[in-house]
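Order of the sequence lines sets the chain letters (A, B, ...), proteins ahead of strands, with each chain counted from 1. Note that these values count all heavy atoms, side chains included, but never hydrogens, waters or copies made by symmetry.
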Amino acid sequence: MELFLPARQPFVLDSVIQSHGWVQLLPFGSDEQYTSLSYVLEIDAGDVVAISVQETPGGVRVQVDSPLSSVAQSELAGKIAWMLGLDMDFSSFYSQASGEPKLATAAQRARGRILRSATIFEDVVRTILTTNTTWSGTKRMVKALVDMYGAPLASNPEIKAFPTSPRLAAADVEKLRKEGKLGYRAPYIHELAQRADSGELDLEALKANSLPTPELRKRLLMLKGVGDYAAANLLMLLGHYDFIPVDSWALKMVSNEFYSGNPIGRKEVEAAFERWGEWQGLAFWLWEWTE
DNA sequence: GGTAGACCTGGACGC
DNA sequence: GCGTCCAGGTCTACC
């Protein structure tokens with residue numbers, strides 16, 4: 001079956017797909033030209049569906065591998081709209097960035113939307129798995145979680161969705177640590193899943209929050225395994241760009257660009273992008289760095 | 001508020 | 001093949 005979803009213009013699907021590395025992590029996938037995004041998700045009714053998204057005039061066309069009830073279709077449409085940020089408006093940022101050569105492609109390519117997972121829970125788990133490791137380590141850990149705990153697609157059990165909070169809450173911590181090779185992150189992920197599954201933690205409510213960014217950041221920092229970098233990354237996924245995700249790569253890039261390669265810290269990174277105000281995280285993210 | 005050490009894994013390197 | 005060192009953020013204890 002197919003769905004058509006409208007997108008606020010301007011919209012360029014491959015800019016969303018290439019917005020960061022999520023597309024390289026299971027169960028995301030894409031073709032080499034980034035014209036199509038694939039994903040597998042478990043919807044609330046318990047069905048596991050594989051979807052493929054292509055850009056079409058005015059929005060996106062979503063191909064679903066199996067028929068769905070109208071309720072499930074509605075849920076799926078809402079999740080895809082969230083993942084692609086279909087309704088997001090970056091006109092204010094484009095206006096501010098119009099005189100900056102290093103952000104010249106932002107408006108041209110409708111950049112700004114950052115690819116999200118279907119749930120905040122999934123994005124928090126992914127983000128924790130990016131910390132204190134290499135990108136190949138992140139890919140390995142995410143693959144292990146999907147392989148070990150993801151719900152299989154009925155038509156092809158080899159293909160699995162990202163595990164939901166109930167599935168990870170029921171997982172064995174030592175198995176996560178040893179077989180999943182999550183190491184010290186295993187108890188963080190397990191505790192997060194248990195709190196989300198019990199209802200103590202309503203991560204999905206953050207999608208519709210109207211909290212000021214500092215308050216939202218405080219809540220994110222209360223999650224075990226989420227520090228300054230992870231919180232800033234999650235804030236951007238939530239549509240708040242006032243903080244910069246400062247990791248070792250950021251320090252290197254900003255040092256080369258603004259500080260002649262001298263050793264710098266978080267404060268220098270923030271100072272370099274302070275003029276972008278509420279858009280500073282996005283300006284940093286979309287900046288065309290000098291190699 | 002700032003700092004040091006521990007956490008865990010994979011990869012690079014030397015032997 | 002084995003051992004050692006290092007990189008990658010966050011947590012905890014301490015000052």
Legend entry - Strand-adjacent residues in residues 223-250 of chain A, judged by heavy atoms under 4.0 Å from DNA chain B: none
Legend entry - Relative orientation of the end axes in the helix from B:dG1-C:dC15 to B:dC15-C:dG1, expressed as an angle to the nearest 10° (five pairs per end): 30°
Inset, instruction - Report the residues that fulfil ring-ring contact (aromatic ring centres under 6.0 Å, His included) with A:W285, sequence neighbours left out, ordered by chain and then residue number. - result: none
Inset, instruction - Of all the heavy-atom pairs spanning A:W279 and A:Q96, show the shortest one and how long it is. - result: CD1-OE1, 3.4 Å
Inset, instruction - Identify whether any heavy atom of A:K267 sits under 4.0 Å from a base atom; if not, whether one sits that close to sugar-phosphate; answer base, sugar-phosphate or nothing. - result: sugar-phosphate
Legend entry - Inter- and intrachain pairs under salt bridge (Lys or Arg N to Asp or Glu O under 4.0 Å), touching residues 21-43 of chain A, at least two apart: A:E42-A:R167
Inset, instruction - Carefully, step by step, assess A:L37 and A:F28 under the rule side-chain contact (heavy atoms from CB on, under 4.5 Å). - result: CA-CA 7 Å; A:L37 175 71; A:F28 281 110; 3.9 Å; yes
Inset, instruction - Not counting sequence neighbours, which residues clear ring-ring contact (aromatic ring centres under 6.0 Å, His included) with A:Y94? List them please. - result: none
Legend entry - DNA chain C contacts made by residues 176-186 of chain A, counting heavy atoms under 4.0 Å: A:Y184
Legend entry - Range on DNA chain B touched by chain A - first to last nucleotide, heavy-atom distance under 4.0 Å: B:dG2 to B:dG10
Please set out all donor-acceptor pairs under 3.5 angstrom arising from side-chain atoms of residues 180-188 of chain A, sequence neighbours excluded.
residue: A:Y184; atom: OH; partner: A:N132; partner atom: ND2; Å: 3.1
residue: A:R185; atom: NE; partner: A:T131; partner atom: O; Å: 3.2
residue: A:R185; atom: NH1; partner: A:L182; partner atom: O; Å: 3.2
residue: A:R185; atom: NH2; partner: A:T131; partner atom: O; Å: 3.1
residue: A:R185; atom: NH2; partner: A:N132; partner atom: O; Å: 2.8

Legend entry - Sequence-distant partners of A:H240, ring-ring contact (aromatic ring centres under 6.0 Å, His included), two or more places apart: none
Legend entry - By ring-ring contact (aromatic ring centres under 6.0 Å, His included) - contacts of A:F162 (at least two apart): none
Inset, instruction - Say whether A:N262 and A:S260, considering side chains only, have a donor N or O and an acceptor N or O under 3.5 Å apart. - result: no
Legend entry - Sequence neighbours excluded - salt bridge (Lys or Arg N to Asp or Glu O under 4.0 Å) pairs with any residue from residues 11-28 of chain A: A:D14-A:R109
Inset, instruction - Go through DNA chain C in 5' to 3' direction and return only the first and the last nucleotide with some atom under 4.0 Å of chain A's heavy atoms. - result: C:dG8 to C:dT12
Inset, instruction - May I ask you to check whether over 12 heavy atoms, not counting those of A:E158, lie within 6.0 Å of atom CD? - result: no
Inset, instruction - In plain terms, say whether A:E270 and A:K267 are close enough for a salt bridge, that is, a side-chain N and a carboxylate O under 4.0 Å apart. - result: no
